[in-house]
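Side chains included, hydrogens not; waters and symmetry mates left out as well; all remaining heavy atoms used. Here the structure is a predicted model, which is why all the values come from computation and not from measurement.
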Amino acid sequence: MARKAPAGRRPLFEARRDIEARVREAVAALLAEAAPAHEDPPAFTVEVPARREHGDFATNAALVLARPLGRPPREVALALLPKIRGGFPLARTEVAGPGFLNFFLDPSWLDEAADLARLPDWGESRAGAGERVVVEFVSANPTGPLNVVNARAAAYGDALCRVLSAAGWEVTREYYVNDAGNQFERFAESVAVRWAEIYEGRRDLSIPQGGYPGAYVYDLARRATEALAAEGLPAERLSRLPERERAEKLGRAALEAVLRDHREALRRFRVEFDRWARESDLRAEGAAETAFRRLVESGHTYESEGAVWLRTTAFGDDRDRVLRRKDGTFTYIVPDIAYHLDKLERAERAIDLLGPDHHGYLARLRAALAALGRDPSRLEFLVSQAVHLVRGGDRLKMSKREGEFVTMSEFLDEVDVDAARWFFVARSFDSPLEFDLDLAGLESDENPVYYVQYAHARIASLLGRAEAEGAWPPPGSEETPDAVGATERPAGGSRFPDPAEAALLRAVARFPEEVAIAAEERAPHRLTAYALELAQAFHAFYTECRVLDAGDPARRTARLLLTDAARNTLARALALLGVTAPERM
RNA sequence: GCGCCCGUAGCUCAGCGGACAGAGCAGCCGCCUUCUAAGCGGCCGGCCGCAGGUUCGAUUCCUGCCGGGCGCGCCA
């Protein structure tokens, strides 16, 4: 029975599955004798109730059975009760509320979780069954610095990836670079204008329509020039090049400089990508051409006003989209379709995190994939809302039009990475985020990040002290995996009888479920809430239960084990959020 | 006008079909001669935007309205 610490032990999941099976049998039995004609039993759920008084697990089986049986729910529940038997050590069952069945397990049922929670792979599971998923996030235009919305996407997307990996998905983090097409040309021209101003003293030029007037472009022009010189193209030769060619070279070099900045800002933020996909590569490889040809072959395109259109309205878009302009060039959507086709070749699933200004994009991309016979549900979108920075109770203005938007680097100069990541991941992605710079910058108890980190630091200090006293680690615990459940426990009771111990253990035991659910729902923000609850349970335990001077050695050892379980769980939860778990504070 | 997202405690936000709606912060009252008080306990605080509908049950699903944000280019 004692398995060797396989990845993905989930005590709560296992118990729930067991109870589910037994309720299912009871439901079938009741149905067979009360309504033999009835074919399929209705779907019921077994859940951990929100309230402690409602037991360890509860089912709504009687509620959903009431209608097909034509009997009141509570009566059904009473009929169901005696039919539930065998298996899990139930201490007590009851019928409560409108007809819920509540299950109270033997107090020792969770003891094993304390041992499991100390294992290095605690929290990992196979919920994702190895499904491959490409997560694309940030993907900012390479025409200027990253902003705060990009930072939000970086934190949230990275946490999502960590959570998906832990829950058994095979994740690739990708960043798509729009380094071709119209946008790039406007950018290159803008850099060329600044170049001419700096190196040729021109004053008569202006940034083209749709170009980039921001002051940072001067700096890019200088850096591009230096980079080109380093590559063997000094300024003198640059100035002799034809205008278009010069703009192309400057633009290319400036774009690489921008990308270096992006990479650097992201690295500071502890976000690294597995792959930087380039629009220019897709075009050069002919992937855009191929995608275009397939779309034409699909029969969903037509020509009008000299352009080739895709009939996306046939797939739920609100207007058709141009694929090829009358000048023969592709619109941005063609290489983008090629990119998404490629992602769906490489993985079963693709998830795109989009900024608030790109949600108009979902319908057309789904439509294009549907036109090509792909199942559009394989592509998921998470669309964020705006970020408002608040200081002194006032919102900072960040509109590009006003030219005073805060860059991600500036933001990171001011805000601690842990605090920033926490705040970004703590909110669901699709709700607007008010980022209080004063609060995030505060190293005080008002800042929720420190509450969780403090719990971890407290534990580290406690265990350090125990180690100095020779009480930790306990004998035999070095080879933890084999020692699972090896600690002596009082016959018939739990090793953790104190209510504060039990509450902490319950919080610890939930962890793998929380990770799996956060992954399934693409909702890493659930984990910040969980981390807070776990820290809360630990702080309460710490106040309530003495650990080092717990009385008898068995009790002390049990509490140390529980403390270490909390430490590991806290550390792993924080790791999934990309937040550090300090040893001291 | 059409589309997407959001309206939940004073503030910032969770919860999104289940049993009396939660957290953090702010406010008020207690708790350190003992393992980190960046802590603990308690109190105050809510027509879950409004109106219908579906359901045994709706903050959660559907429809309509009201309020806010963002889109609606042969830019990306």
- Task: Going 5' to 3' through nucleotides 14-20 of chain B, assign each nucleotide B (protein heavy atom under 4.0 Å from a base atom), S (under 4.0 Å only from sugar-phosphate atoms) or - (no protein heavy atom that close).
- Result: SS--BBB

- Query: Along nucleotides 70-76 of chain B, 5' to 3', which nucleotides get a B, which get an S, and which get a -, given that the test is a protein heavy-atom distance under 4.0 Å?
  - Reply: BS-SBSB

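Taking the C1' atom of each, B:C29 and B:C65 are spaced 45 Å apart, rounded to whole Å. B:C48 and B:C20 are spaced 15 Å apart, taking the C1' atom of each and rounding to whole Å. The same atom, C1', is picked in B:C70 and in B:C61; the two are 25 Å apart, to the nearest Å. Between the P atoms of B:C47 and B:G42, the separation comes to 24 Å (whole Å). On the P atoms, B:G41 is 44 Å away from B:C4, given to the nearest whole Å. Across the P atoms, B:A37 and B:G46 are found 34 Å apart, a figure rounded to whole Å. B:A9 and B:U60 are spaced 15 Å apart, taking the P atom of each and rounding to whole Å. Straight-line distance between the P atoms of B:A76 and B:C72: roughly 13 Å, to the nearest whole Å.
Between the side chains of A:D320 and A:Y302, a donor-acceptor pair is found at a separation under 3.5 Å. Side-chain atoms of A:Q183 and A:N141 include a donor-acceptor pair closer than 3.5 Å.
Between A:E544 and A:P73, it is A:E544 whose nearest contact on RNA chain B lies nearer the 5' terminus.
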Dump the pairs, protein N or O against N or O of nucleotides 57-60 of chain B, anything under 3.5 Å, distances to one decimal.
none

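For the side-chain hydrogen bond (donor to acceptor under 3.5 Å, both in side chains) test, residues two or more places apart in sequence or in another chain that qualify with A:H262 are A:Y175. In terms of the side-chain hydrogen bond (donor to acceptor under 3.5 Å, both in side chains) criterion, residue partners of A:R391 (sequence neighbours excluded) are, by chain and number, A:E414.
Counting any heavy atom pair closer than 4.0 Å across all strands shown, A:R465 reaches sugar-phosphate atoms only and no base atom. Residue-level contact check: A:A457 touches the bases, meaning some heavy atom is under 4.0 Å from a base atom. Counting any heavy atom pair closer than 4.0 Å across all strands shown, A:Q453 reaches no nucleic acid atom. Among the atoms of the strands shown, none is found under 4.0 Å from any heavy atom of A:V383. A:E583 comes within 4.0 angstrom of a base, heavy atoms only. Within the 4.0 angstrom heavy-atom criterion, no nucleotide atom of any strand lies near A:L362.
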- So what is the 5' to 3' dot-bracket string for RNA chain B, if pairs are Watson-Crick or G-U wobble with both distances under 3.5 Å, crossing pairs use [ ] and | means the partner sits on another strand? (((((((..((((....[...)))).(((((.......))))).....(((((..]....))))))))))))....

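Residues A:V95 and A:L81 meet the side-chain proximity criterion, which asks for heavy atoms closer than 4.5 Å. Taking the side chain as every heavy atom from C-beta outward, A:L504 and A:L534 approach each other to under 4.5 Å. A:N147 has its side chain out of reach of A:F411: every pair of non-hydrogen atoms, C-beta onward, lies at least 4.5 Å apart. No side-chain heavy atom of A:K326 sits under 4.5 Å from any side-chain heavy atom of A:E305. A:R52 has its side chain within reach of A:R506: a pair of non-hydrogen atoms, C-beta onward, lies under 4.5 Å apart.
The nearest whole Å value for the distance from the CG atom in A:L69 to the C1' atom in B:C56 is 13 Å. Here the C1' atom of nucleotide B:C35 and the NE2 atom of A:H539 are 14 Å apart, to the nearest Å. If you take CZ of A:F541 and P of B:C35, they are 15 Å apart, rounded to a whole angstrom. Taking atom CZ of residue A:R546 and atom P of nucleotide B:G39, one finds them 18 Å apart after rounding to whole Å. A straight line from CZ of A:R395 to P of B:G69 spans 9 Å, rounded to a whole angstrom.
A parallel orientation is assigned to the rings of A:Y176 and A:Y339, their planes being inclined by less than 30° (bins at 30° and 60°). A tilted orientation is assigned to the rings of A:F538 and A:F541, their planes being inclined by 30° to 60°. In this structure, A:Y530 and A:F511 have parallel ring planes: the angle between them is below the 30° cut-off, well short of the 60° mark. Below 30°, between 30° and 60°, or above 60°: for A:F435 and A:F423 the angle between ring planes is between 30° and 60°, a tilted geometry.
Nearest to the side chain of A:R67, among B:A23, B:C56, B:G39, sits B:C56.
In this structure B:C40 sits in the anti conformation; its chi angle is more than 90° from 0.
For the pair A:R252 and A:F184, the distance from NZ or CZ to the six-membered ring centre is under 6.0 Å and the angle to the ring normal is within 45 degrees.
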- Task: Could you give me the CA-CA distance, side-chain angles and deciding distance for A:D352 and A:H340, then say whether side chain to side chain donor-acceptor pair (under 3.5 Å) is met?
- Result: CA-CA 10 Å; A:D352 286 7; A:H340 282 84; 2.6 Å; yes

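For B:C40, the OP1/OP2 oxygens have a side-chain nitrogen or oxygen of A:Y451 closer than 4.0 Å.
Taking the ring centroids of A:Y451 and A:H539, they lie under the 6.0 Å cut-off.
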